[in-house]
Amino acid sequence: MHTMDTFTPTPADRFTFGLWTVGNPGRDPFGPSVRATQSPNRIVAKLAECGAYGVNLHDEDLIPFGASAAERDRIVKEFKGALKDNGMVVPMATTNLFSQPIFKDGAFTSNDPRVRTFALQKTMRAMDLGVELGAKTYVFWGGREGTESDACRSPIDAMKRFRDAINFLCGYVRDQGYDLRFALEAKPNEPRGDIYLATTGHMLHFISTLDEPERVGVNPEVAHETMAGLSFVHNIAQAMEAGKLYHIDLNGQRIGRYDQDLRFGSEDLKQAFLTVRLLEGIPGNDPYTGPLHFDAHAYRTEDDEGVWEFAVGCMRTYKILKSRALAFEADPDVQEIIAERTDDALDALLNGGYSTEAAEAISAASIDVDTIAKKGLGYERLDQLLVEHMMGVRG
Ligand code: DIG
Ligand code: MN
Ligand code: MN
C-alpha cells in the first residue's frame, strides 16, 4: 500500500464507496467471480484503513433478499458496530430494484401493478434501513426501467408511473419525518436496451414535474453520461447551477463501451481534471460539498490486494488532480488568457435584464465585428498549459 504523503486519503476528504464496489467479486457476463465474497463488516474496516469517510449500500448489499426480521436486525446491529468501531458513516442508501427476477421488466414502470406495489414496498423498507444507518441521501437508479421492445408499453405511461412512484415515496418520507433527499441517477442503456430518463438533463426536467421538486436532485455518474456521448463536466455544471447536485458517482469510462465503472481518472484524465476543478469550485463557482462517491470496481484481473490498490487509486487521483487544478488556476500565464473581459457600459446592459431603454441601447451599440472576428483566443496555448500542469511540468 502507498506510503503516507500529501495525497493520502483522509476522512476529511469525504470519499465514499458502495459496498458493491470494493465488494465486486469480478463476475462478468462471460465468467464467474474471481475473488471471494467479502462481508460488509470487513469492507467497512478495509475502507477505513484506506482513509475513506463512508460507505453506501443497496438494501441487498447488507440484508439478503428474503431474510427474516430477526436476521435483518442481527445484521444491522453488527454492521452498526463495525461502522462505530471504524469511525465510518453511511451518507447514502439505495434500493436494489434491478437484480431480482420480479423486476425483469422494470420496477416502478412495470406493466404489472403487483410489481409496482412490490417495488414501493421494497423501497420503503430500504429507506427505513438507510435512515436507521444515518443516510441523508437516497439514490434511485432505474436499471430495469426501460425496454428492448417499445411495443410493450407507452413510454408516456412509463413516465407517469415513475413520477407516481417518486411522488408517493416523497410522501412516505414526509409521513415518516425522515431527513432524506432523493438523488436520481440516469443511464442511457444497460441492462435494458434503452433506459427511461437516459441522462442527467432528462432527470433535471423530470424533477420539475414532481409534487415536491425541492426534495429531489440528481446523482450523475461519469460512466453513464460518457456512454451517452455527453460532457460529464457540462452536465454536472447544469446540476450545480440549478442547486440539484445532491450526490455524484465518480469513475472512469471510455466512450462507446458498456458501463465499465473503472477507477476514477484511469481513462479520460483531462475530463477527470476538469471535473475535480469544477467540483472544488476552483474556477470561482460554489463548490460541491457532498460525499465524493466512487461507483467503480477493480479489474477482473485483480486479487484482494488489487481491490484496495484500486480504492486508494481512486482517492489519490482525485487529490492529485485537485492540487494540479489549483496550480493551473494560479498560473499567471493561464490567468492572462482566461481573465474575464469586461466592458462597464455593455456589462451593465447585459446584466440588467430587459427594458425598452436597454433594447434601444443594445440596438444602438457600436460593435467592431471585423476586429473581434480576426482576434485569436489563445486556447491552444491555454490547453497546452492545462496538459503541462496535468503532466506536472508546470507549477
Ligand atoms: C449503477 O451505477 C448504480 C447502482 O450501482 C446504484 O444504484 C447507484 C448508486 O451509486 N449507481
Ligand atoms: Mn455505472
Ligand atoms: Mn452509479
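Remember, it's 1-based here, ligands and their atoms both numbered in the order they're listed.
In this structure, atom 1 (C) of ligand 1 lies nearest to the protein heavy atom D295 OD2, 3.4 Å. Atom 10 (O) of ligand 1 has its closest protein heavy atom at D249 OD2, 2.6 Å. If you check which protein heavy atom lies closest to atom 8 (C) of ligand 1, you get E185 OE1, 2.9 Å. Scanning the protein for heavy atoms near atom 7 (O) of ligand 1, the closest one is H58 NE2, 3.0 Å.
Angle OD2(D295) to the Mn ion (ligand 3) to OD2(D249): 100° [nearest 10 degrees].
Note: F294 and F15 meet the aromatic proximity criterion, with ring centroids under 6.0 Å apart.
Environment of CZ in F140: crowded, with over 12 heavy atoms of neighbouring residues, nucleotides or ligands closer than 6.0 Å.
For F140, the heavy-atom gap to ligand 1 stays at 4.0 angstrom or more. In this structure, K187 has no heavy atom closer than 4.0 Å to ligand 1. Contact annotation: H247 has no heavy atom less than 4.0 Å from any atom of ligand 1.
The Mn ion (ligand 2) is closest to atom NE2 of H224 (considering only N, O or S atoms). Taking the Mn ion (ligand 2) as reference, the nearest N/O/S atom within D259 carries the name OD2. When you scan the N, O or S atoms of E185 for the one nearest the Mn ion (ligand 3), you land on OE2.
Residues D128 and Y172 bring a donor and an acceptor atom of their side chains to less than 3.5 Å of each other. For the residue pair Q253 and Y258, no side-chain donor N or O sits within less than 3.5 Å of a side-chain acceptor on the partner. Using modelled atom types, one finds no donor on one side chain facing an acceptor on the other under 3.5 Å when comparing E225 with S231. Between the side chains of D261 and N251, at least one donor-acceptor pair of N or O atoms lies under 3.5 Å. For the 3.5 Å distance criterion, the side chains of N285 and R277 fail to qualify, holding no donor opposite an acceptor. Side chains of Y196 and T147: a donor-acceptor N/O pair is absent below 3.5 angstrom, by distance only. Side-chain N/O atoms of N96 and H58 include no donor and acceptor closer than 3.5 Å.
The atoms of ligand 1 that sit less than 4.0 Å from any heavy atom of W20 are 5 (O), 9 (C), 10 (O). Atoms of ligand 1 lying under 4.0 Å from any heavy atom of M92, numbered from 1 in the order shown and given with element: 9 (C), 10 (O). Those atoms of ligand 1 that come under 4.0 Å of a heavy atom in H293, given as number and element, are 10 (O).
The residues E388 and R324 are annotated as not salt-bridged, no charged nitrogen and carboxylate oxygen being separated by less than 4.0 angstrom.
At least one N/O/S atom of E221, whether from backbone or side chain, sits less than 2.8 Å from the Mn ion (ligand 3). The Mn ion (ligand 2) has D261 among its coordinating residues (N/O/S atom, backbone or side chain, under 2.8 Å).
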